[in-house]
Amino acid sequence: MPLTKVSHKFQVVIPKDIRELLGISKGDVLQVYEKDDEIVMKKTENKTRLSLKDLKGLGKEIWKDIDVEDYIKKERESW
């Protein structure tokens, strides 16, 4: 199993044999996430930097003190 080292900028190099095996090339976007205490990198066709997983929970503090059902009911009544 190939090893790689984390640089002072927290960058890692994906070993050549793995890049070739998975068809990873310059400019490809990888999803990076944690699963069972392991770092997982997954090739994606998505060329943007954000995925839906990145957006999960974004803005949740806005709803902290709001009853969502009551809010929706009031909004519908205003129509």
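Given the structure is predicted, the values throughout are model-derived calculations rather than measurements.
Annotation for V40: hydrophobic cluster partners, listed by chain and number, are Y33 (ILVMFWY side-chain heavy atoms under 4.5 Å, direct or chained). Counting side-chain heavy-atom gaps under 4.5 Å among Ile, Leu, Val, Met, Phe, Trp and Tyr, the cluster of F10 also holds V6, V12. Here V13 is tied to no hydrophobic group at all, with no ILVMFWY side chain closer than 4.5 Å.
For I72, the side chain to side chain contact (heavy atoms under 4.5 Å, CB included) criterion is met by V68, R76, not counting sequence neighbours. With sequence neighbours excluded, the residues that form a side chain to side chain contact (heavy atoms under 4.5 Å, CB included) with K9 are S7, Q11. Under the salt bridge (Lys or Arg N to Asp or Glu O under 4.0 Å) criterion, K43 pairs with D28, not counting sequence neighbours. Take D17 and apply the side chain to side chain contact (heavy atoms under 4.5 Å, CB included) test, not counting sequence neighbours, and it matches P2, P15. Taking K16 as the reference, R19, E20 meet the side chain to side chain contact (heavy atoms under 4.5 Å, CB included) condition, with sequence neighbours excluded. In terms of the ring pair (Phe, Tyr, Trp, His ring centres under 6.0 Å) criterion, residue partners of Y71 (sequence neighbours excluded) are, by chain and number, W63.
Listed by first then second residue, pairs satisfying salt bridge (Lys or Arg N to Asp or Glu O under 4.0 Å) with a partner in residues 57-70 read D70-K74, not counting sequence neighbours.
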What verdict does the side-chain contact (heavy atoms from CB on, under 4.5 Å) test give for I14 and L30, after you've listed the backbone C-alpha separation in whole Å, the side-chain angles of each residue and the deciding distance to 0.1 Å? CA-CA 11 Å; I14 301 169; L30 303 176; 3.5 Å; yes
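L22 and M41 fall within the same hydrophobic cluster, where Ile, Leu, Val, Met, Phe, Trp and Tyr residues are linked whenever their side-chain heavy atoms come under 4.5 Å apart, directly or through other members.
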